[in-house]
2 protein chains.
Amino acid sequence: MTPQLHHSRGSLSPSLEHYLRAIFDLQESKGYARVTDIASMLGVAKPAVSAAVKTLRSNGLVSHRVYESILLTEDGAKRAKGVSGKFSILMHFLTDVLGVEEEQAFVDACVMEHYVSGNSIDRFLDLLRFFEEPGNQEILEKFHQFRRSCESVDTCPTCSYHCDISVIDFDDMSKKIKQSKRRV
Amino acid sequence: MTPQLHHSRGSLSPSLEHYLRAIFDLQESKGYARVTDIASMLGVAKPAVSAAVKTLRSNGLVSHRVYESILLTEDGAKRAKGVSGKFSILMHFLTDVLGVEEEQAFVDACVMEHYVSGNSIDRFLDLLRFFEEPGNQEILEKFHQFRRSCESVDTCPTCSYHCDISVIDFDDMSKKIKQSKRRV
DNA sequence: CAATAATGTTAAATCTATTTAACAATGTTT
DNA sequence: AAACATTGTTAAATAGATTTAACATTATTG
């Protein structure tokens with residue numbers, strides 16, 4: 001059975017986690033957060049922020065002196081740092097390792113931070129660190145060369161797969177990729 | 001401004017995409033899909049499937065002879081293959097490259113397939129292919145050794161980062177990881 | 001073929017996250 | 001201090017995705 005897309009009970013929803021990180025970032029940069037800051041940062045209307053903050057408060061993750069500042073509780077800060085750490089790892093991985101364009105990496109990291117398990121994040125970090133090991137930077141460079149050679153043509157010259165699956169037709173994609181691991 | 005967590009207009013919601021892939025898989029394995037199959041596969045109640053299928057039908061992605069079979073249209077199949085391809089790439093990347101446990105990889109791939117951009121998926125595929133290049137398998141093997149050495153202790157001996165961020169306290173995590181790339 | 005089982009739909013309710021409109025509180029400026 | 005601007009809240013509505021309960025249709029089988 002395929003997993004549920006919805007977050008499990010007891011954990012914060014992706015949306016609330018997103019608010020939490022926004023508050024964390026604001027608190028880091030200006031000492032505290034205000035509803036308007038959050039709203040403009042996330043591109044949502046203020047009442048949405050009000051509602052979210054209320055929920056976060058009822059979960060004991062922020063303290064909110066109404067019409068004044070919003071601050072993370074110790075618990076909230078802990079959680080926020082977790083999300084923020086995930087974001088950083090993902091961001092670095094996407095840009096530094098995979099070579100994803102920064103704008104795109106940002107968007108992807110912003111969603112992945114809420115959806116990718118801690119286990120997998122750990123592994124992402126491992127790989128990130130592996131490439132930082134003395135002597136391994138050149139491996140990464142070699143990959144970047146390989147990658148660039150893929151970008152230049154529709155089909156990667158060195159393998160049978162299309163390198164830009166978002167551009168090409170997917171028609172035979174799924175046949176080409178062995179799905180032995182799949183267990184639906 | 002941080003991106004919205006919600007899917008953009010015109011594109012399918014993660015939920016509907018998930019149904020679409022389920023139908024795709026069922027169609028591949030038994031020729032067609034039925035409401036009950038989908039429901040049990042996704043672990044949701046049948047009315048949820050009914051509703052989703054209705055929406056997919058109105059989007060021209062499936063044909064549904066009520067009380068009978070659900071089949072992908074040409075358009076639906078194309079989209080489903082796209083999602084399925086993403087899933088495969090992510091699954092292989094997580095298990096083969098990162099060494100994530102299969103159960104966990106499956107869960108993660110199931111959400112990432114809906115949230116990670118095509119651009120990034122392309123890069124994941126590139127890296128996957130890079131490691132398959134003749135002579136590069138040993139690099140991957142080297143990483144796997146490195147990774148295992150991290151698992152054995154809380155803090156990776158070869159770097160200043162904690163390798164298992166989901167287990168350790170995040171308190172100084174965010175300070176350690178430079179977030180220069182972040183632009184909130 | 002009638003009874004029962006399996007399958008599918010509709011209806012009603014819930015929950016989360018959002019919006020706009022209207023209003024309330026606070027701060028600033030003259 | 002009064003007027004205005006900024007900031008924040010409440011209320012009401014919408015939209016998506018879900019659930020349970022009840023009912024409808026189709027299939028099986030005794």
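Chain identifiers are assigned alphabetically (A, B, ...) following the order of the sequence lines, protein sequences preceding nucleic acid strands; residue numbering begins at 1 within each chain. Note that the structure is predicted; figures quoted are calculated from it, not measured.
- Annotation: side chain of L72(A) is not in contact with side chain of L56(A) (no heavy-atom distance under 4.5 Å).
- Dashed line: the shortest gap from a side-chain N or O of S15(A) to OP1 or OP2 of dT18(C) is under 4.0 Å.
- Residue A45(B) places its side chain closer to dT20(D) than to any other of dG8(C), dT20(C), dT20(D).
- For the pair R57(A) CZ and dG8(D) P, the computed distance is 15 Å after rounding to whole Å.
- Spacing between atom OH of Y19(A) and atom P of dT16(C) amounts to 14 Å, rounded to whole angstrom units.
- OP1 or OP2 of dT7(D) has not a single side-chain nitrogen or oxygen of H64(A) nearer than 4.0 Å.
- Under the ring pair (Phe, Tyr, Trp, His ring centres under 6.0 Å) rule, F87(B) has a single partner from F124(B), Y115(B), F106(B), which is F106(B).
- Mapping A51(B) and A51(A) onto DNA chain D by nearest heavy atom places A51(A) at the nucleotide closer to the 5' end.
- Across the protein-nucleic acid pair, K54(A) atom NZ and dC15(C) atom C1' stand 15 Å apart, rounded to whole Å.
- Remark: Y67(A) is not in phosphate contact with dT10(D), judged by side-chain N or O atoms under 4.0 Å from OP1 or OP2.
- The distance between atom CZ of R65(A) and atom P of dT26(C), rounded to the nearest whole Å, is 12 Å.
- Between T36(B) and dG8(C) there is a side-chain N or O to OP1 or OP2 distance below 4.0 Å.
- OP1 or OP2 of dG8(D) lies within a sub-4.0 Å distance of a side-chain N or O belonging to R34(A).
- Looking at residues two or more places apart in sequence or on another chain, you find no ring pair (Phe, Tyr, Trp, His ring centres under 6.0 Å) involving F131(A).
- Between S50(A) and dG8(D) there is no side-chain polar atom (N or O) within less than 4.0 angstrom of OP1 or OP2.
- Interatomic distance, I38(A) CD1 to D25(A) CG, rounded to the nearest 0.5 Å: 10.5 Å.
- L26(A) has its CG atom 13 Å from the P atom of dT7(D), to the nearest Å.
- A sub-4.0 Å separation between OP1 or OP2 of dA17(D) and a side-chain N or O of S13(B) is present.
- Ranked by how close their nearest DNA chain C nucleotide is to the 5' end, E68(A) and A48(A) are led by A48(A).
- Rounding to the nearest 0.5 Å gives a distance of 10.5 Å between OG1 of T73(B) and NZ of K78(B).
- Distances shown here put every side-chain N or O of H18(A) at or beyond 4.0 Å from the OP1 or OP2 atom of dT18(C).
- Distance L42(A) CG to dT18(C) C1': 13 Å, rounded to the nearest Å.
- Side-chain contact check for T95(A) and E102(A): no donor-acceptor pair (N or O, by modelled atom type) lies under 3.5 Å.
- The residue V66(A) sits close only to the backbone: its heavy atoms come under 4.0 Å of sugar-phosphate atoms, none of a base.
- One interatomic measurement links the two molecules: CD1 of I38(A) to C1' of dT18(C), which rounds to 16 Å at whole-angstrom precision.
- Taking atom NZ on K46(B) and atom P on dT25(D), their separation rounds to 15 Å, with Å as the unit.
- Taking every side-chain heavy atom of P47(B) into account, dT10(C) is the closest of dT9(D), dT18(C), dT10(C).
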